[in-house]
Amino acid sequence: AFVEAAEAGGRAFSFSPGVKVIKKILAARDNLPGKDALIDWLLKHSSDKRFNKIERIEILNIAGEYASKKFRPETAKKIARNIKSLGAEPRGWVKILDEYEEFARFPRPESEIVFPRTLKDFGVGKEGKTVKASNYLDIDSDGKDMTRAIQEALNTPDVSKVIIDRLDRPWRITSVKIPSNRHIVLEKGVSIIGEELSRTVKKADGSMFVISKAANIIIEGLGEKPEDCHIGKFSTREERRRRGTRYGGHAVGIEGRNVLIKNVSLSYNNNDGCSVGGQFSPSKQLWFDNVKFDGNFRQGMSVINGKGMYLRKCVFSNTDGDAPMAGVDFEPVYPSEYVNEIYFMDCVFSKNGGGGLLVATSSFHPVTISIRRCLFESQPHSGMLTTARTTYYTSAEKPALGLIQVEDSTFCRWMGQGAVDFLGCPLFDMKFINSKVKISDKRPRGTVPDGTMVTTNTVWAPAWAKWRDYPFKAKIDFSGLSQEK
């Protein structure tokens, strides 16, 4: 099919040479094999004398964007040099070259990962006023909806710190939007739960705390343990299971940069404890320190578009409601979105219905996840799962750029269940260093018979069994993963 398309495109080009024709030929061939030949064809015409300088630069940019998204870093670098030799700068696609350099250095040493403590660590210069949210409560309020009090405290001119003080009852809110340059402090014992109507399907979609197009934000609890400061639609897991029976709302939704969440529990929500996204660009530089994600309906955390995320001493547990039900789910919607520079340090994954950590991503950016000193306790599914988002990768014809590296970590599993489960073909390079698998005899009735510590599952999606016919050659290094008898 590619040969026929190439011949037809060549004939069309001979009759009507021009950049528009090249774009149409490119669009027609995009879903066919032969990507290297297609890039060569574009580069050949970039030196065609029938094109002027501006047109040659245009063709090179087309080729560069194509190469950058098809996992051809050396070709993309060459094209960038050619464009510069013509006295121009490559377009936005050239930024991916920096990502190739980052990928070569991944993972970073832990000494380089320093958690911020104050807004000054995010580059915020002058500190503003400190206010208490309780000062904004209407004295005539019956306490059924305190959203306005917190929102007005956050919107106070020249304020930088907002203290949400402990009351004799929970704070009840619908949805609050956090402006840039704010430090929110929850006193020990503070519980922020959903206003009654927001717990129902009538007003179920919003996050309780929204970070949208904002930067330099801290949400910090003052308790000794995360449970001392709670943000969630419901007060307990039992209440959420009884009343929160449908998708609807997160504790925190992030589409921003420079965010620290520390010493709080983001639990018992109808969707996720935290959702990380970004419509046109990734959320960047996000820090989660000693945060508990317990008893959420869909996910402990969903990462749709995140670059530069650092999670330390976090717990992802008891996710149960409806699929995917993972502790953390990396699942971009579009291949332009990121799962990049993600670091888990000293975290625990426990009793999540869909497994501990799910990597279900398709991205033309490098996918990089580092896991250090983490514990994956026995749970209804494997500790780690990788699954195929086939649309983008199957047309790439080269292995995806990615590395998942696991160091000094422990996977506990019920006998018969793989500690690591590949749902389809392995997509990303994976390396285990000084890690182990422990078998637990405490398994529920009806679980599968004894099996291996690593499994490949194509039963529930038989078409993925054909992935072995594709040229994906992910390097899986299990030499650093041992099983205790």
Side-chain angles (χ1 to χ4, degrees), residues 170 191-194 199 204 207-208 221 223-253 261 263-276 288-303 311-331 344 346-360 371 374-385 409-414 417-419 421 438 440 442-447:
S191 178
I192 304 174
I193 62 175
R199 294 168 155 196
S207 298
M208 297 176 67
E224 287 78 34
K225 55 186 184 295
E227 298 90 327
D228 292 335
C229 300
H230 169 69
I231 302 173
K233 286 276 186 179
F234 298 94
S235 297
T236 65
R237 182 187 177 206
E238 290 71 24
E239 185 186 17
R240 198 277 299 159
R241 295 183 76 182
R242 186 176 71 253
R243 301 185 57 202
T245 57
R246 300 175 68 175
Y247 289 125
H250 319 294
V252 179
I261 300 179
N263 293 342
V264 296
S265 173
L266 306 180
S267 302
Y268 322 133
N269 294 279
N270 285 4
N271 263 22
D272 310 335
C274 181
S275 177
V276 176
F288 298 85
D289 193 6
N290 196 33
V291 180
K292 187 171 185 177
F293 304 80
D294 184 59
N296 293 293
F297 185 84
R298 185 180 72 165
Q299 244 91 248
M301 173 185 284
S302 291
V303 180
L311 302 98
R312 179 173 66 183
K313 296 182 180 179
C314 294
V315 176
F316 304 89
S317 57
N318 295 307
T319 309
D320 62 339
D322 205 348
M325 294 187 291
V328 181
D329 179 17
F330 295 101
E331 193 163 349
F344 292 92
D346 303 295
C347 295
V348 176
F349 300 81
S350 176
K351 299 179 182 177
N352 299 288
L357 194 155
L358 171 61
V359 183
I371 299 164
C374 290
L375 172 62
F376 295 80
E377 293 183 351
S378 298
Q379 44 205 322
H381 213 311
S382 300
M384 185 188 304
L385 306 93
S409 295
T410 299
F411 294 83
C412 301
R413 69 178 182 90
W414 293 313
Q417 176 182 271
D421 194 5
K438 293 173 123 182
S440 170
K442 297 178 181 179
R443 59 177 177 173
R445 291 182 179 180
T447 51

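Count residues from 1 along the sequence. Bear in mind that the values here come from a model prediction, so they are computed numbers and not experimental data.
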For side chain to side chain contact (heavy atoms under 4.5 Å, CB included), just list the numbers for Asn352 and Leu357, CA-CA rounded to whole Å, side-chain angles, deciding distance to a tenth of an Å, and then say yes or no.
CA-CA 9 Å; Asn352 299 288; Leu357 194 155; over 6 Å; no
Residues Ser302 and Gln299: side-chain donor-acceptor under 3.5 angstrom
yes
Counterpart residues, side-chain contact (heavy atoms from CB on, under 4.5 Å), relative to Asn263 (two or more places apart):
Asn290
Please determine whether side chain to side chain contact (heavy atoms under 4.5 Å, CB included) holds for the pair Asn270 and Arg246, giving the CA-CA distance in whole Å, both sets of side-chain angles, and the decisive distance to 0.1 Å.
CA-CA 6 Å; Asn270 285 4; Arg246 300 175 68 175; over 6 Å; no
Do Cys314 and Asp289 come close enough that some side-chain heavy atom pair is under 4.5 Å?
no
Identify whether the distance between the nearest side-chain nitrogen and carboxylate oxygen of Lys351 and Glu377 falls below 4.0 Å.
no
Taking side-chain hydrogen bond (donor to acceptor under 3.5 Å, both in side chains) as the test, write out the residues that go with Ser275, two or more places apart.
none
Not counting sequence neighbours, which residues clear salt bridge (charged side-chain N to carboxylate O under 4.0 Å, His left out) with Asp320? List them please.
Arg237, Arg240, Arg241
Partner residues of Met325 under the side-chain contact (heavy atoms from CB on, under 4.5 Å) criterion, sequence neighbours left out:
Thr319
Residue set satisfying ring pair (Phe, Tyr, Trp, His ring centres under 6.0 Å) with Phe288, at least two apart, ordered chain then number -> none
Can you check whether His230 reaches Ser267 side chain to side chain, under 4.5 Å on heavy atoms?
yes
Quick one: pull up CD1 in Ile192 and CD1 in Ile231 and give me the separation to the nearest 0.5 Å.
4.5 Å
If the condition is side-chain hydrogen bond (donor to acceptor under 3.5 Å, both in side chains), which residues does Ser191 pass it with, not counting sequence neighbours?
none
Work out which heavy atom in Gly221 is nearest to a heavy atom in Cys229; give both atom names and the distance.
CA-SG, 3.7 Å
Any donor-acceptor N/O pair, Asp329 side chain to Ala326 backbone, under 3.5 Å:
no
Among Ser317, Ser350, Ser265, which residue satisfies the side chain to side chain donor-acceptor pair (under 3.5 Å) criterion with Asp294?
Ser317
State which residues pass salt bridge (charged side-chain N to carboxylate O under 4.0 Å, His left out) with Asp322; sequence neighbours excluded, sorted by chain then number.
none
Once side-chain hydrogen bond (donor to acceptor under 3.5 Å, both in side chains) is applied, do any residues pair with Ser409, and if so which ones, sequence neighbours excluded?
none
For Lys313, what residues pass the salt bridge (charged side-chain N to carboxylate O under 4.0 Å, His left out) criterion, not counting sequence neighbours?
none
Correct closest heavy-atom pair for Ala419 and Ser382 would be O-CB, 3.6 Å
Before you tell me yes or no, could you show the steps for Val328 and Cys347 under side chain to side chain contact (heavy atoms under 4.5 Å, CB included), namely the whole-Å CA-CA distance, both residues' side-chain angles and the distance that decides it to 0.1 Å?
CA-CA 11 Å; Val328 181; Cys347 295; over 6 Å; no
Stepwise, does the side chain to side chain contact (heavy atoms under 4.5 Å, CB included) test hold for Glu239 with Tyr268?
CA-CA 8 Å; Glu239 185 186 17; Tyr268 322 133; over 6 Å; no
For Phe376, the ring pair (Phe, Tyr, Trp, His ring centres under 6.0 Å) test, sequence neighbours excluded, returns Phe349, Phe411
Contacts of Asn269 that satisfy side-chain contact (heavy atoms from CB on, under 4.5 Å) - sequence neighbours left out
Met208, Lys233, Ala251, Asn296
For the pair His381 (side chain) and Leu385 (backbone), establish whether a donor and an acceptor sit closer than 3.5 Å, ignoring hydrogens and angles.
no
Partner set under salt bridge (charged side-chain N to carboxylate O under 4.0 Å, His left out) for Glu238, not counting sequence neighbours
none
Is there a side-chain contact between Lys225 and Lys292 in this structure, where contact means two heavy atoms from C-beta onward sitting under 4.5 Å apart?
no
Taking the side chain as everything from C-beta on, heavy atoms only, tell me whether Met301 gets closer than 4.5 Å to Leu311.
yes
Measure the shortest side-chain to side-chain distance between Val264 and Pro226 over non-hydrogen atoms and say whether it is less than 4.5 angstrom.
no
Which of parallel (below 30°), tilted (30 to 60°) and perpendicular (above 60°) describes Phe344 and Phe316?
perpendicular
